[in-house]
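Let me begin by presenting the structure, written as structure tokens, before commenting on it.
Chain letters run A, B, ... following the sequence lines, proteins first and then strands; every chain starts at 1. Only heavy atoms go into these numbers, but all of them, side chains included; no hydrogens, no water, no symmetry mates. These numbers come from a predicted model, not from an experiment.
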Protein chains: 2
Amino acid sequence: MEFEQLMLDNQLCFPVYAASRLIIREYQPYLDNLGITYPQYLVLMVLWETDNIPVNDISQKLILNTNTVTPLLKRMEAEGFIKRQRSESDERKVIVKLTRKGKLLQVKAASIPESLASGLVSDTMNLGEMNDLKDKLCKLINYLLQKNR
Amino acid sequence: MEFEQLMLDNQLCFPVYAASRLIIREYQPYLDNLGITYPQYLVLMVLWETDNIPVNDISQKLILNTNTVTPLLKRMEAEGFIKRQRSESDERKVIVKLTRKGKLLQVKAASIPESLASGLVSDTMNLGEMNDLKDKLCKLINYLLQKNR
DNA sequence: TATATTTGCATCGCGAACGATATAATCTGT
DNA sequence: ACAGATTATATCGTTCGCGATGCAAATATA
């Protein structure tokens, strides 16, 4: 191999990219059950924590552009999980709020992280290692966010 | 908070998902320079390591379905980076091979990992931590692959 | 108070990513 | 030898993800 640095296994990005898709695949059956996608699940988690927030707050928390979030929210509104309405104090803002259907989903979703975690934690990867992994990723994310501000 | 487990920060998946997108964003300017996307860069890395392989080998190495890889390869063929041709020994297979243009790109790409690494490694995340992060992700990936086989 | 700039959201187009499905070539068991 | 299963790839439709761009409301500045 002439260019060792150009090998999948020698790079950080590919494992992150592959792991992301594989973990989301693990979510799939649970989310199918609720009739939502993974990005939609993320939006709901944000709203379950803080309801009645503008589009921008959601895109900031999920580190997604508004041109990704807007269509996502429209689909969720069409499915009846959320409502979108212009802010009266600032007509530029669109406030997103949970419907009853969206709120009720929280109860159904409550068991997902538990189920997932027990599926991920194994003999090769215990809870401590998992937390260390999470912490390192968060450090990396914060560094990249700050760097490109 | 009623359902602590349903918080973005308490889960592993979101950091992996967000980190994946953020790191790929870091690649963006370098890849734009070469006229390729990140998944296309992955395909090229596979081919630079082993040329003349069937579609399935590529999708296996990248952990992507063929219905993702086939259109990806078609776009790369249209751009002149690769060629696709039916195998003679097994007419089901389509063999993918680099063109001269695709091979030449390797030289141009050689400096990317170096540039990226120096951009990612920082005071908050040194090389050792980065390698540990990579190893844990690879363990997780292998576990998930094996589990769902 | 006009004008310029910024902010917040949306639209468009393209390239992934993947489930469902199709089709042809190959292999398997009888 | 041949019907049925398997393998390899491709097509279709939907949902992201994002760069480029547009537009109206709010804010800053002259």
### Query
Of Tyr38(A) and Pro54(B), whose closest DNA chain D nucleotide lies nearer the 5' terminus?
Pro54(B)
### Task
Starting at atom CG of Asn65(A), determine the distance to atom P of dG13(C), rounded to an integer number of angstrom.
19 Å
### Task
Give the nucleotide from the list dA17(C), dT11(D), dA16(C) with an atom nearest to the side chain of Arg21(A).
dA17(C)
## Note on the structure
Quick tally for nucleotides 20-28 of chain C: nucleotides whose base has a protein heavy atom under 4.0 Å get B, sugar-phosphate-only ones S, the rest -, giving B----BS--
### Summary
The answer to which of Ile63(A) and Ile95(B) contacts DNA chain D further toward the 5' end, by nearest nucleotide, is Ile95(B)
### Task
Using atom OH of Tyr27(B) as one end and atom C1' of dG15(C) as the other, report the distance to the nearest whole Å.
19 Å
### Carboxylate-amine/guanidinium contact Lys139(B) Asp135(B), below 4.0 Å
no
### Message
The criterion is side chain to side chain donor-acceptor pair (under 3.5 Å); which residues satisfy it with Asn131(B), sequence neighbours excluded?
### Response
none
### Query
Quick one: Glu77(A) CD to dT15(D) P, roughly how many Å, whole number?
15 Å
#### Entry: Separation of dC9(C) P from Gln85(A) CD (nearest whole Å)
13 Å
### Query
Would Thr68(B) and Ser59(B) count as a side chain to side chain contact (heavy atoms under 4.5 Å, CB included) if you check the C-alpha gap in whole Å, the side-chain angles of each, and the deciding distance to 0.1 Å?
CA-CA 8 Å; Thr68(B) 297; Ser59(B) 66; over 6 Å; no
### Query
Looking at Lys61(B) and Glu49(B), does any basic side-chain N land under 4.0 Å from a carboxylate oxygen?
no
### Task
Work out which heavy atom in Arg25(A) is nearest to a heavy atom in Asn65(B); give both atom names and the distance.
NH2-OD1, 4.2 Å
### Query
Which part of the nucleic acid, if any, lies within contact of Pro71(B), taking any heavy atom under 4.0 Å across all strands shown: a base, the sugar-phosphate backbone alone, or nothing?
nothing
### Closest non-hydrogen atom pair between Val121(B) and Met130(B), with its separation
N-CE, 3.6 Å
### Query
For the pair made of CZ in Arg86(A) and P in dA26(D), what is the distance, rounded to whole Å?
10 Å
### Task
Tell me which nucleotide among dA10(D), dC16(D), dC9(C) gets nearest to the side chain of Thr66(B).
dA10(D)
### Query
With sugar-phosphate meaning primed atoms plus P, OP1 and OP2, does Thr37(A) contact a base, only sugar-phosphate, or nothing at under 4.0 Å between heavy atoms?
sugar-phosphate
### Query
Below 4.0 angstrom from OP1 or OP2 of dC16(D), is there any side-chain N or O of Arg75(A)?
yes
### Message
With a cut-off of less than 4.0 Å, is there a side-chain N or O of Lys74(B) near OP1 or OP2 of dT9(D)?
### Response
no
### Message
Between P on dA17(C) and CD on Gln28(A), what's the gap in Å once rounded to a whole number?
### Response
15 Å
### Query
Step by step, would you call Tyr30(A) with Tyr41(A) a side chain to side chain contact (heavy atoms under 4.5 Å, CB included)?
CA-CA 11 Å; Tyr30(A) 302 98; Tyr41(A) 172 65; over 6 Å; no
### Task
Go through Gln40(B) and Leu31(B) one step at a time and tell me if the side chain to side chain contact (heavy atoms under 4.5 Å, CB included) criterion holds.
CA-CA 9 Å; Gln40(B) 290 174 8; Leu31(B) 297 179; over 6 Å; no
### Message
Just the rounded figure in Å: distance from P of dC18(C) to CG of Asp32(A).
### Response
13 Å
### Message
If you only use heavy atoms from C-beta on, which nucleotide in dT11(D), dG17(D), dT9(D) is closest to the side chain of Asn56(B)?
### Response
dT9(D)
### Query
At under 4.0 Å, does any side-chain N or O of Thr70(B) touch on OP1 or OP2 of dA10(D)?
yes
### Task
Ignoring the backbone of Leu64(A), work out which of dT9(D), dG17(D), dC9(C) is nearest its side chain.
dG17(D)
### Message
Just the rounded figure in Å: distance from C1' of dT14(D) to CD of Gln40(A).
### Response
11 Å
